[in-house]
Structures are given as C-alpha cells and as structure tokens.
Amino acid sequence: MPVTVHSEVDGEPFSEVWFERVTADLDDDGRALLGRAVQWVREPLQGLKASTGEPLTEHGAGVVTILATLGTDAPTRASALLTITPALAADVSKDATSSWRQIFGAEVVTLAQGTRALLRLSHRTGQSSDTAVAGGGQKEMQRKMLLAMAADLRIVLLRLASRLQSLRWYASSRQPCPEEFARETTELYTPLANRLGIWQIKWEMEDLAFRFLEPDTYRAIAHQLEEKRTEREAFIDEVVVQLQAALVQNNIAAEVSGRPKHIYSIWNKMHIKHLDFSKLYDLRALRVIVDDERTCYAVLALVHSLWTPVSDEFDDYISRPKPNGYRSLHTVVVDAQNRAFEVQIRTHAMHQFAEYGMAAHWRYKEAGAKGGTQTAASLYDKKISWMRQLLATEKEGVEPAAGPSEGRGAAGPSAQPERIYVMTPQARVIELPAGATPIDFAYYLHTDLGHRCRGARVDGQMVPLLTRLKTGQTVEIVAAKSGGPSRDWLNPQMGYLASPRSRSKVRAWFNAVELQQRIAQGQALVEKELQRLGKTAVKLEQLAQQLGFARADDLYVAAAKEEFSLRQIDHLFKGGAAPAPAQSDERAVYGGGQVGGAPAGKSGVLVVGVDALMTQLARCCRPAPPDRIAGFVTRGRGVSIHREGCASYAALAVTHPERVIEVAWGETGETAYPVDISIRAQERDNLLRDVSDAFGRLRIKVVNVNTQSRRSLAHMVFTVEVRDGEQITQVLTALNELKGVAASRR
C-alpha cells in the first residue's frame with residue numbers, strides 16, 4: 001500500500017487558506033515576518049522551476065508547510081522562501097543582502113545563505129566524477145561535513161524539508177524520480193534525519209525513496225499488509241487508550257506512545273534479519289516510559305495480564321544490557337483478534353541514554369544485525385545529541401537547557417571543532433584535524449603527493465601553504481614532479497602541519513634520507529679500506545656476514561656512525577682475532593663455558609666441546625632464551641650465535657658446513673638479551689604513546705626504535721632487552737591488546 005503523499009498547499013500556493021494554516025501557531029510578529037517573505041517572493045518565483053522540474057512557488061509553499069508541522073519558528077519558515085529566490089541563488093552583492101537584512105533581519109538572511117551553501121555542496125558532491133565518493137564511508141563523511149557547515153540546527157531542518165518536498169512532488173506529479181536523487185536520499189538525508197530524531201521526515205523520505213528505487217518490492221510488501229496504514233494507526237491508538245486506563249487503575253504513572261512500522265522499515269528488517277513477513281512481530285509497537293526500574297517490571301506484568309505474550313519474544317535488556325549499554329524491556333503480545341504488537345518499557349534515564357547517549361537509536365539501528373559496541377562519543381556525536389535534545393525541547397515549548405554552544409539555534413559545542421571536512425576537485429570528502437593546512441590535505445591523499453606539495457588552490461584561488469582550511473572548501477594540490485618536504489614543515493612554530501600523521505611522514509622522509517646518506521658514506525669508507533688492502537673483488541654481502549652483520553647496509557651504517565672499526569676487515573683477511581664491534585645493542589663477550597655444563601659467560605651460551613671461546617649474539621636474528629640456537633665459527637670473531645630458523649645462518653651453514661658448531665644455553669643469570677619486536681598498526685593519534693606505555697608497565701628497556709609509515713599503516717620495530725622467553729610473551733600479549741595493533745617477534 002503506497003504511502004500517503006501529503007498535499008503541500010490547499011488550492012494555489014501562498015493562498016490565504018495556506019497562510020492561515022502555516023501561521024496558526026505563530027504570534028503577530030511571526031505572522032508579519034512570514035507575510036513579508038511571501039510578498040517578497042510571490043512575483044519573482046512565478047513561472048520558475050527548480051532543477052527537479054517542480055514549480056518554485058509549489059516548492060516554497062510545501063517546504064514552509066513541512067516546517068510548520070515540525071513547529072519551527074517564524075525566521076526558519078521565512079528563510080525557506082528567501083532560499084529559493086533567484087537573487088539569493090545568484091550570490092548577489094553585499095549591498096543587496098544588507099537591504100534584505102533591514103527588511104527581514106540578520107537571522108533570516110543568515111539562515112537562507114547557510115541553506116544555499118549546503119545546497120551548493122549537495123550539487124557538488126552529486127556531480128562527483130570520483131567513484132570512491134559513492135562508498136558508504138564517503139556518505140558518512142558528507143553527512144559529517146553537512147553538519148559541520150550548518151552552524152545552526154535550523155539550516156539542517158531547512159535542507160531536509162526541501163528534500164522531502166521534492167520527493168512529495170515527484171510522487172504527486174507522477175514524474176519519474178531520478179535514481180540518483182532517490183539513492184542520495186536514502187544514503188545521505190534519511191540517516192541524518194534519523195540521527196536527529198526527526199521521525200516525521202525520516203519515515204516519509206524512506207518510504208518515498210524506496211517506492212522510487214524498488215517499486216515492485218514496495219508494492220509487494222504493501223499488498224502483504226492486511227490493513228491500511230490508517231487502520232494500523234487506529235489500532236495503536238486503541239491499544240494505547242486501553243493500556244493507559246489500566247495504568248491509571250493500578251496507580252502507575254507512565255508515558256505511553258505508539259508508532260506503526262512503515263513499509264521501508266518492514267523491508268529493511270526482513271532484509272537484515274532474513275525474516276519472512278509472517279515472522280515480523282513489531283509491525284505495530286508501543287513504548288512505555290516510567291519513573292524507576294521496579295515500575296518497568298510492574299508494567300510488564302500488567303501488559304502480560306492484558307494480552308497474551310508470545311513465547312521466545314521477550315528480551316530483558318535491563319538486567320542484561322546490550323554491549324553498547326542500551327537498557328529496556330521488550331515483549332511481544334497478541335490481542336483477542338490475534339494481532340501481534342511489540343511493547344518496549346524503560347525508565348526516563350534509560351530513554352535518555354538510548355536517544356542521546358552512546359546507545360542512541362541510530363547507532364545500533366544503522367549497524368545492522370550485528371549491532372556493535374561504541375567508543376566514547378566524539379564532538380560530532382555530541383553535536384548530534386545536542387541537536388536532538390534541542391528539537392525535543394522546542395517541540396515541547398520548553399527552553400533548552402544550557403547546551404554545548406552559544407546561541408539559540410547553534411548546533412554544536414562551544415569549543416572549537418575537532419575535525420574539518422574538505423573536498424578534492426572530484427568532490428571526495430576528506431576528514432582532517434581542525435587547523436589542517438593544504439600540506440596535511442596532500443599527505444592524507446598520498447604520502448608522495450605530500451612530499452612533492454609546493455602550492456594549493458582553495459576554491460579555485462591560490463593560497464599559501466600555511467593557510468588553515470575550513471569545512472566545505474575544495475582543495476587542489478600543486479605538486480612538483482620530484483623532490484621532498486622542507487625541514488621548516490617540522491617546526492611547530494611555523495605552523496605548516498597540524499596533523500601528527502603528516503609530521504610522522506615528514507620525519508620518516510628525512511630519516512630515510514639520512515639513512516641513505518649514512519649507507520653511502522659507510523660504503524665509501526669500506527670500499528676505500530678494501531682498496532688499501534687490495535681486496536676489491538670481495539663480495540660485500542658475504543664480507544658483512546663474516547663480520548657478524550645481516551646485510552652489507554648494516555655494515556655501512558655502523559662504519560659511518562663509527563660503531564665499527566675498519567681495522568677488523570684487515571684482521572679478518574689476516575686470519576687474526578678481530579675485536580668485537582663497539583655496538584651498544586650487541587653482546588660480544590668471552591664465554592667461560594666448559595663441556596658438560598660448566599659456567600657460561602655473560603652471553604649465557606655454552607659451546608659444546610670447547611672451553612673459553614668467544615661468543616657473540618648475531619644481530620640478524622637476536623637470539624634469547626629459550627630459543628633453539630646454533631653456532632657458526634667466524635674468522636677472528638669467535639662463534640656467532642643464531643636462532644636455528646635464521647635465514648642468514650642457514651645460508652652460512654650451506655656455504656661452510658664445517659664451521660657449524662653445537663651450542664646451548666647455560667646459566668643466564670640476569671643477562672639481558674636484545675630482541676626485535678615488530679609492530680604493525682593503523683595510524684592513529686597517540687599510537688606511539690600507547691606502545692611506549694605498554695613497555696613501561698612491564699619495565700622493559702627499549703634500546704632502539706625504527707618507524708615507517710605508508711598508506712595509513714604504521715610499521716615500528718622496537719629493539720628491547722629481555723631476560724627470557726616469558727618476558728617476550730608478556731610483551732607481545734600486552735602489545736596485541738592495544739587497539740589495532742598486531743605485534744610479533746622478528
């Protein structure tokens with residue numbers, strides 16, 4: 001059964017009957033203001049049509065009717081008419097808007113201009129050429145940007161009312177509604193109305209859009225309904241009266257309300273929960289709100305005495321709350337005619353939490369069948385909550401409590417916003433921290449683009465890289481073909497970067513440059529020493545392994561940092577005993593190990609069958625008790641100790657099997673062993689702090705850190721000192737408990 005399409009006007013648009021109806025709840029000043037707006041737009045709108053094809057006079061009159069139904073104030077209704085005038089749409093001069101302010105007041109003109117800005121934003125995102133914009137994540141970004149741009153709640157209401165009126169016009173005129181228009185409604189506007197708790201707009205937009213997108217399915221569900229909407233509403237009214245009478249008779253104070261399911265909601269529940277139509281018990285539903293928890297159960301008993309409960313359709317979310325904290329009693333009952341309906345029972349506090357808190361209706365409703373636990377509310381969530389509370393108090397005629405923002409119509413906390421939302425030239429919405437610059441924007445899109453960023457255009461105009469971006473702006477990066485960032489970008493006093501993510505990428509670039517410089521410097525030193533010794537034909541990778549390094553690059557870096565003496569190369573070729581490299585994280589000690597378990601040296605390693613032989617823990621695999629280990633006799637540096645699974649050891653063992661020697665752990669005492677812990681995680685604020693705190697809680701000493709970042713993924717390698725395998729297990733367990741972190745031993 002199709003939805004009822006409301007008539008936006010009685011007779012001609014802006015008729016006396018229409019005007020009386022939309023001003024019935026306004027005072028004399030409000031009526032006068034709306035009357036001036038009607039006279040101002042009546043003539044300019046004649047014969048003009050909206051982009052949908054709807055006459056602008058009908059559209060304006062219909063939007064005002066919807067706003068009147070919502071109980072909005074006179075400035076909101078008047079601004080709805082100014083918004084669609086050709087003069088405002090043409091973005092006229094300040095002189096013209098100044099005269100409008102004198103006629104209608106600054107409040108009305110500001111609302112109209114803000115609504116026009118949202119309309120332009122909608123057109124821009126709707127014409128996007130970027131396929132990524134069509135994703136669900138992008139629709140969420142667009143909703144956030146829309147809210148962030150709407151400094152006043154009433155601007156959002158104006159935009160929603162305009163969209164609903166367009167849908168009504170498509171339905172009443174029987175004009176084909178473009179699929180993109182209907183889909184944008186379901187993906188962008190109905191979730192927004194849902195979050196704001198504007199149910200009157202939400203369900204009607206959902207039904208109309210569903211009717212245009214899935215006409216066959218819509219008609220099939222409508223046919224399955226055994227009664228018309230009006231009959232279902234009458235049934236709910238009857239049940240509400242019956243329950244209210246029983247509550248009064250039992251001296252129970254309660255608020256009872258009911259709302260039947262609409263067609264889209266029926267289909268959505270069937271789709272998400274894979275249910276047949278016959279299995280839907282909540283096509284009709286009641287909600288009872290009481291003062292305390294004990295009364296909830298008293299009302300439940302009363303409901304079950306009035307109607308027959310359906311077995312297996314009772315949920316006690318008071319004693320067993322949902323993971324997100326939602327609490328309520330849910331039961332399904334049937335009347336004498338076997339008509340089933342759902343009853344929800346909760347306290348005022350539970351209702352407040354469910355509507356405005358972390359368990360707000362939209363959170364688990366939009367999450368689908370799985371629901372989901374929610375994290376602490378962000379500023380965006382607080383803005384949503386404040387909007388919904390403001391709507392509720394305005395409808396009740398009560399002055400809203402001191403909210404998180406200044407000004408009656410404000411829709412957000414008074415603190416500066418935490419996030420901003422800007423767009424690429426392809427209308428892809430990007431979320432950035434407040435105060436972000438074009439460089440932050442470039443790094444968000446791609447690390448390499450950030451490195452090469454040299455300029456930016458904001459809304460088509462060239463701007464300095466220090467420019468603070470604002471929500472709703474379109475940003476285009478001007479990049480060089482090659483090159484890297486400037487060190488000035490890392491200077492917090494200069495203000496080039498606001499995002500920790502961007503700063504980490506700049507630091508990583510300079511760290512990589514410094515590493516390459518050290519490698520080149522060290523390679524030159526090593527090659528010069530080999531030339532002096534007349535050994536230019538030596539394979540450098542093999543030489544590095546013989547000297548105890550996993551790779552030649554490690555040897556070069558150690559040489560450049562003067563942590564490795566080039567004299568050891570000479571000792572190696574002469575077959576002498578090369579001194580151990582002076583590296584802080586490498587344990588090169590002489591073992592006092594004896595056959596059969598004699599006391600081991602500081603490394604804690606026993607070389608089976610050999611006494612007093614120098615042992616050294618290999619840097620390539622960093623063995624530590626209780627790892628299974630193997631030894632390899634080097635030239636001049638004693639025995640190099642590897643983990644049995646080490647790739648470097650396997651290669652050496654194949655090349656020189658005669659140098660493999662059996663080793664075992666002895667008494668390690670308090671010896672600390674360096675091990676590498678590899679961490680991969682999604683980049684987020686305070687990630688490094690959380691990881692460091694985990695090491696600190698376990699009293700684990702960190703001796704080296706290496707971090708890299710690519711495409712929002714962070715890879716960090718921590719070299720830490722541990723005494724045994726138990727400490728390694730504790731470290732990995734603690735790290736893997738952190739949000740989004742996957743840790744393993746290298």
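Bear in mind the structure is a predicted one, so any value in this text is a computation, not a measurement. Values below: all heavy atoms of this structure, side chains included; hydrogens, waters and symmetry mates excluded.
Here Asp292 contributes atom CG and His348 contributes atom NE2; the two are 9.5 Å apart, rounded to the nearest 0.5 Å. In this structure, CG on Asp440 lies 8.0 Å from CG on Leu469, to the nearest 0.5 angstrom. Residue Arg116 holds its CZ atom at 12.5 Å from CG of Leu158, rounded to the nearest 0.5 Å. Within the model, atoms CD1 of Ile439 and OG of Ser502 stand 8.5 Å from one another, a figure rounded to the nearest 0.5 Å. Atom CZ of residue Phe14 and atom CD of residue Gln46 lie 8.0 Å apart, to the nearest 0.5 angstrom. Once rounded to the nearest 0.5 Å, the distance linking CD1 of Ile201 with CD of Gln165 reads 11.5 Å.
Under a 3.5 Å cut-off, the side chain of Asp459 and the backbone N or O of Gln473 do not form any donor-acceptor pair. Judged by distance alone, the side chain of Thr190 and the main-chain N or O of Met205 form no donor-acceptor pair under 3.5 Å. A donor-acceptor pair is defined here as one N or O able to donate and one able to accept, closer than 3.5 Å; such a pair exists between the side chain of Arg468 and the backbone of Leu466. Put simply, the side chain of Arg457 never gets that close to the backbone of Met462: no donor and acceptor are under 3.5 Å apart. The backbone N or O of Val109 lies less than 3.5 Å from no partner atom in the side chain of Trp100, so there is not a single donor-acceptor pair. Side-chain N or O atoms of Thr474 include none that pairs as donor or acceptor with a backbone N or O of Met423 at under 3.5 Å. Between the Thr85 side chain and the Leu81 main chain, no donor and acceptor come within less than 3.5 Å of each other.
Between Thr72 and Leu157 there is a side-chain heavy-atom pair separated by less than 4.5 Å. Inter-residue side-chain proximity for Glu476 and Val458 is flagged as unmet; no heavy-atom pair is nearer than 4.5 Å. Between Thr467 and Thr437 there is no side-chain heavy-atom pair separated by less than 4.5 Å. Annotation: side chain of Pro75 is in contact with side chain of Leu33 (closest heavy-atom distance under 4.5 Å). Side-chain atoms of Thr76 and Leu111, non-hydrogen and from C-beta on, do get closer than 4.5 Å to each other. Side-chain atoms of Glu204 and Lys202, non-hydrogen and from C-beta on, never get closer than 4.5 Å to each other. In this structure, Phe441 and Thr424 have side chains that are in contact, with non-hydrogen atoms separated by less than 4.5 Å. Here the side chains of Leu26 and Arg77 are in contact, with some heavy-atom distance below 4.5 Å.
When all heavy atoms are compared, the tightest approach of Ser162 to Val63 is CA-CG2, 3.7 Å. Here the shortest heavy-atom pairing between Ile477 and Cys453 reads CG2-SG, 3.9 Å. Residues Gly258 and Ile236 approach most closely at CA-CG2, 3.6 Å, considering heavy atoms. Here the closest non-hydrogen pair linking Met350 and Arg327 is CB-O, 3.6 Å. When all heavy atoms of Ala434 and Ile420 are compared, the pair lying nearest together is CA-CG2, 4.0 Å. Contact detail for Leu56 and Ile84: the closest heavy-atom pair is O-CD1, 3.5 Å.
For Phe104, the ring-ring contact (aromatic ring centres under 6.0 Å, His included) test picks out Trp40, with sequence neighbours left out. For Tyr170, the ring-ring contact (aromatic ring centres under 6.0 Å, His included) criterion is met by Phe181, not counting sequence neighbours.
For the pair Arg501 and Tyr444, the cation-pi criterion (under 6.0 Å, within 45° of the ring axis) is fulfilled.
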Do Tyr421 and Ile430 pass the side-chain contact (heavy atoms from CB on, under 4.5 Å) test, and can you show the C-alpha distance, the side-chain angles, and the key distance before you say yes or no?
CA-CA 6 Å; Tyr421 303 90; Ile430 304 298; over 6 Å; no
Apply side chain to side chain donor-acceptor pair (under 3.5 Å) to Arg163 and Thr185, showing your working.
CA-CA 8 Å; Arg163 175 54 62 110; Thr185 299; 3.0 Å; yes
Ile289 and Arg287: side-chain contact (heavy atoms from CB on, under 4.5 Å), yes or no, with the steps?
CA-CA 7 Å; Ile289 302 177; Arg287 178 173 292 159; 4.2 Å; yes
Chi angles and distances behind the side-chain contact (heavy atoms from CB on, under 4.5 Å) call for Tyr189, Leu164
CA-CA 9 Å; Tyr189 290 103; Leu164 176 57; over 6 Å; no
Stepwise, does the side-chain contact (heavy atoms from CB on, under 4.5 Å) test hold for Arg31 with Phe19?
CA-CA 9 Å; Arg31 290 170 62 88; Phe19 187 79; 4.2 Å; yes
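Note on Arg168 versus Glu54: no salt bridge recorded, every NZ/NE/NH1/NH2 to OD/OE distance being 4.0 Å or above. With salt bridges taken as basic N to acidic carboxylate O contacts below 4.0 Å, none links Glu107 and Arg101.
Thr52 and Trp169 form no side-chain donor-acceptor contact under 3.5 Å, judged by distance and modelled atom types alone.
The environment of Asp27 atom CG is dense: over 12 non-hydrogen atoms of other residues, nucleotides or ligands sit within 6.0 angstrom.
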